[in-house]
Amino acid sequence: MSLEKPSNVLFLRYEDLKEDLVAQTKRLAAFLEFPFSIEEEKTCMVN
């Protein structure tokens, strides 16, 4: 499925989550088409 529709598949690796949880959380939110707003990022809701 990842080869047929790569925009519908997101791979998250445990190592990447451990290394940078905030960046991976933002990536997941963007993939789900519900990214964090600038205001949310400024008020540290992501951290």
Side-chain angles (χ1 to χ4, degrees):
M1 184 54 96
S2 67
L3 297 176
E4 292 175 23
K5 296 183 180 182
S7 63
N8 291 347
V9 178
L10 176 69
F11 291 101
L12 291 175
R13 296 180 338 141
Y14 176 73
E15 292 83 6
D16 295 336
L17 290 168
K18 276 184 66 176
E19 185 176 309
D20 193 350
L21 182 59
V22 172
Q24 295 303 314
T25 302
K26 289 179 184 179
R27 187 172 157 238
L28 175 60
F31 175 77
L32 295 173
E33 297 180 357
F34 196 70
F36 291 98
S37 69
I38 300 296
E39 185 177 307
E40 289 171 327
E41 288 189 33
K42 285 181 181 178
T43 59
C44 299
M45 289 189 76
V46 182
N47 297 338

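Reckoned from all heavy atoms, side chains included, excluding hydrogens, waters and symmetry mates.
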* So how far is it from Leu28 CG to Phe36 CZ, rounded to the nearest 0.5 Å? -> 8.5 Å
* To do: Check which hydrophobic residues are tied to Leu17 through side-chain heavy-atom contacts below 4.5 Å, counting indirect links as well, and list them.
  => Leu21
* Reported CG-to-NZ distance for the pair Asp20 and Lys26, which is rounded to 0.5 angstrom -> 8.5 Å
* Structure fact -> Hits for side-chain contact (heavy atoms from CB on, under 4.5 Å) against Ser7, two or more places apart or cross-chain, chain-then-number order -> none
Below 3.5 Å, can you tabulate the donor-acceptor pairs from side chains in residues 8-15 to any protein atom, sequence neighbours excluded?
residue : atom : partner : partner atom : Å
Arg13   : NE   : Asp16   : OD2          : 3.1
Arg13   : NH2  : Asp16   : OD1          : 3.2

